[in-house]
Amino acid sequence: MPAKVRVRFAPSPTGHLHVGGARTALFNWLYARHHGGAFILRIEDTDRSRSTEENLGAILDAMRWLELDWDEGPPAAGYRQTERFDLYREHAQRLVAAGRAYYCACSPEQLDAERKAAEARKETFRYSGRCRDLGLTTGALRLRIPDEGTTVVDDMIHGPVTFDHRQLDDWILVRSDGTPTYNFCVVVDDVTMGISHVIRGNDHLSNTPKQVLCYEALDYPVPAFAHVSMILGADRARLSKRHGATSVQAYREAGILPEALVNYLARLGWSSGDQEIFSRAELIERFDIKDVSSSGAIFDQTKLEWLNHEYIKTLDGARLAAAVTPFVTAAGLTPPADARRFVGMLDTLRERGKTLAELVEVGRFYFERPREYDPRAAAKLFTPEGRERLGALRERLARAEPFTAPALEALYRATADAMTVKLGDIAQLTRLAVTGRTASPPIFDVLALLGREETLARLDAARESIR
RNA sequence: GGCCCCAUCGUCUAGAGGCCCAGGACACGGCCCUCUCAAGGCUGAAACACGGGUUCGAAUCCCGUUGGGGCCA
């Protein structure tokens, strides 16, 4: 029987949740949910100078927004590295006692000189191991690495990766000031938390043999590893701020739906046949770490927006309304009090905006009267003749019964015939008068949603503007 | 610099020796639909980095080159 699956995501609260981190978290989460295991959240906050509570809060918030719920982790105690120093100290002592680690008193200057000398000889610098058998009791604690042989990391994505011990240093576990190093904390944490599978970014692959040797020195079973490729910018360099938005929060603020971001991130480097859209349940069912690609993937915002649009098009009306409301408010507008009317408006908008923010932009006229009319269209349509037509339309609309889209369309078609003009002529004229623009949802839907009173008021205002 | 990882359309990918003169999706072009804009339907252009092997046969296996990325400094 395979051991119970326990995976973890370990962000540093030195910034917001990066989309690359979010994808790593997602893969861990999916792996846990697929196998009925546990997903653990651990906070790597040993870098006290750059870690803040605000960042931690923002990360937890982003995780919750993505609905990546954790089975263990904050706010429970013991899931922050700053709360675990006793554990690191204890394990360091064990290694010393077992003779697997030793103190090194070499000064930085000495090491530096050796490094320069090695460079001068065109050799790779590697710590000499001078202090190995001195039996020192202070200084930096180093792990004793075998001189010969290799360590093979059997990666679930990359397969076996061999590292020659001659390339590895006796690396430092604890600095001379007593603080444990990152790689050592990670090993101790993963071991003490019973992590079975370490799914993390590709940037950690090179450090893995050092960690494996540390597990072995500690006489602990080595977990399985899966190194996921990194997310790249358009220039194939690691995705960073200079490429634009990188944080989950930024996408949230841009009006991306969490299910769309999850779907996009899952599909970035992972696939299941030709399928593009996956519900969360399908993702959990289909996800297999073995299907994750070993090559880096460029973050394509255009495709994210396409996916977001797909979700916007199919989202339940009430949920869409709830999701859009903060964006309406943020634009300084107010959604209609009548929830059904609001949903009706959104139904005409959802095909026309790829993000929640765009929905508001494209449907702005629903929430406020046009402040101005498209100048080019106005020059063409708001003529004395246009004014007259608007007047005729106004009279008919005042009597239209019922004031519904199909009825209004019939009315307009009859009117066009009576005026011997094309439907488009009076439809565009009306659109400009009511929305101020030349593009909008079907104009009859718009009029019906706005209601008779508002429609007539806007037609009057438009006629007023024609002088 | 040393070590490690990676390499299919512009992008995300399918492909685990013959099903592939390479399939899907985004983006892009055309046509249709149409009160505008969208959405939708149909359709087009677009890739196995290069060079050697192995094999009857290679996008798929091996070696090298080139290019990109990462880690250690």
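Every chain is numbered from 1 and lettered A, B, ... according to where its sequence line falls, protein lines coming before strand lines.
Look at CZ on A:Arg166: it is 16 Å from C1' on B:rC4, rounded to the nearest Å. Between the P atom of B:rC37 and the CD atom of A:Glu358 lies a distance of 17 Å, rounded to the nearest Å. Spacing between atom CD1 of A:Ile277 and atom C1' of B:rU13 amounts to 15 Å, rounded to whole angstrom units. Distance CG (A:Asn308) to P (B:rC26): 15 Å, rounded to an integer number of Å. Here B:rC3 presents its C1' atom at 21 Å from OH of A:Tyr127, a figure rounded to the nearest Å. The interatomic distance linking A:Leu268 (CG) with B:rC26 (C1') rounds to 12 Å, in whole Å. Here the P atom of nucleotide B:rA39 and the CD atom of A:Glu310 are 10 Å apart, to the nearest Å. Atom CZ in A:Arg236 sits about 11 Å away from atom C1' in B:rG67, given to the nearest Å.
Using cut-offs of 30° and 60° for the angle between ring planes, the A:Phe287 and A:Trp270 rings count as tilted.
Within 4.0 Å of A:Gly269, counting heavy atoms only, lie sugar-phosphate atoms of the nucleic acid but no base atom. At a threshold of 4.0 angstrom between heavy atoms, the contacts of A:Tyr412 with the nucleic acid are absent. Using a 4.0 Å heavy-atom criterion, one finds that A:Thr438 contacts the bases of the nucleic acid, with or without backbone contacts as well. At the heavy-atom level, A:Pro441 lies under 4.0 Å from base atoms of the strands shown. Nucleic acid contact for A:Ser294: sugar-phosphate only, since backbone atoms but no base atoms lie under 4.0 Å from a heavy atom of the residue. Note on A:Lys313: only backbone sugar-phosphate atoms sit closer than 4.0 angstrom, heavy atoms only; bases stay farther off.
Atom name C1', nucleotides B:rC19 and B:rG10: the rounded distance is 29 Å, in whole Å. For the C1' atoms, the distance from B:rU60 to B:rA14 is 13 Å, rounded to whole Å. Between the P atoms of B:rA16 and B:rG29, the separation comes to 34 Å (whole Å).
No N or O donor and acceptor, one from the side chain of A:Arg437 and one from the base of B:rC37, sit under 3.5 Å apart. Below the 3.5 angstrom threshold, one finds no donor paired with an acceptor across the side chain of A:Gln275 and the base of B:rG24. Taking 3.5 Å as the limit, the base of B:rG70 and the side chain of A:Asn202 contain no donor-acceptor pair of atoms between them.
Closest approach of A:Thr246 and A:Lys241 over heavy atoms only: CG2-N, 3.8 Å. In plain terms, the two heavy atoms of A:Ala25 and A:Leu68 that are nearest each other are CB-CD2, 4.1 Å.
Picking from B:rC6, B:rG40, B:rC4 the nucleotide with the shortest atom distance to the side chain of A:Val161 gives B:rC4. Of the candidate nucleotides B:rU13, B:rC4, B:rU11, B:rU13 has the atom nearest to the side chain of A:Ser293. Among the nucleotides B:rA39, B:rU36, B:rC26, the one closest to the side chain of A:Lys303 is B:rC26. Out of B:rC12, B:rC4, B:rC6, the shortest distance to the side chain of A:Ser295 is found at B:rC6. Comparing B:rC35, B:rA27, B:rC12 against the side chain of A:Phe444 picks out B:rC35 as the nearest. Taking only side-chain atoms of A:Glu276, from C-beta outward, the nucleotide of B:rU11, B:rG24, B:rA14 with the closest atom is B:rG24. Comparing atom distances between the A:Gln167 side chain and each of B:rC37, B:rU13, B:rG2 picks out B:rG2 as nearest. In the set B:rU13, B:rC6, B:rC35, the nucleotide with an atom closest to the side chain of A:Ser271 is B:rU13. Each of B:rC26, B:rA73, B:rU13 was ranked by its minimum atom distance to the side chain of A:Trp306; first place goes to B:rC26. The side chain of A:Asp274 has B:rG23 as its nearest neighbour among B:rC35, B:rA27, B:rG23.
For the atom pair CD1 (A:Ile145) and OG1 (A:Thr151), the distance works out to 7.5 Å, reported to the nearest 0.5 Å.
Judged by Watson-Crick or G-U wobble contacts below 3.5 Å, the nucleotide B:rC28 has B:rG44 as its partner. Pair assignment for B:rC50 gives B:rG64, based on Watson-Crick or G-U wobble hydrogen-bonding distances that are each under 3.5 Å. Here B:rC9 sits opposite no nucleotide as a Watson-Crick or G-U wobble pair (both hydrogen-bonding atom distances under 3.5 Å). Checking B:rC3 for Watson-Crick or G-U wobble geometry (two distances, each under 3.5 Å) identifies B:rG70 as its partner. With a 3.5 Å ceiling on both atom-pair distances, B:rA16 lacks any Watson-Crick or G-U wobble partner. Across every strand in view, B:rU55 sits unpaired, with no contact that passes the Watson-Crick or G-U test at under 3.5 angstrom.
A:His227 places no side-chain N or O within 3.5 Å of a backbone atom of A:His158 that could act as its donor or acceptor partner.
Note on residues 435-448 of chain A: pairs passing side-chain hydrogen bond (donor to acceptor under 3.5 Å, both in side chains), not counting sequence neighbours, are A:Arg431-A:Ser440.
Residue A:Lys210 places none of its side-chain N or O atoms closer than 4.0 Å to OP1 or OP2 of B:rC72. For A:His227 and B:rC5, the shortest distance from a side-chain N or O to OP1 or OP2 is not below 4.0 Å. OP1 and OP2 of B:rC3 both lie 4.0 Å or more from every side-chain N or O belonging to A:Ser206. Phosphate proximity of B:rC71 to A:Arg238: present, with a side-chain N or O under 4.0 Å from OP1 or OP2.
Side-chain polar atoms of A:Arg396 and A:Thr415 form a donor-acceptor pair below 3.5 angstrom.
Projected onto RNA chain B by closest heavy-atom contact, A:Glu409 and A:Ile298 fall at different nucleotides, the more 5' of which corresponds to A:Ile298. With RNA chain B read from its 5' end, the first of the two nearest nucleotides for A:Asn183 and A:Gln428 is the one closest to A:Gln428.
Within a 6.0 Å sphere centred on CZ of A:Arg319, other residues, nucleotides and ligands contribute 12 heavy atoms or fewer.
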Just distance, no hydrogens or angles: give the donor-acceptor pairs under 3.5 Å from side chains in residues 10-20 of chain A, sequence neighbours left out.
unit_1: A:Ser12; atom_1: OG; unit_2: A:Glu44; atom_2: O; d: 3.2
unit_1: A:His18; atom_1: ND1; unit_2: A:Gly20; atom_2: N; d: 2.8
unit_1: A:His18; atom_1: NE2; unit_2: A:Leu239; atom_2: O; d: 3.2

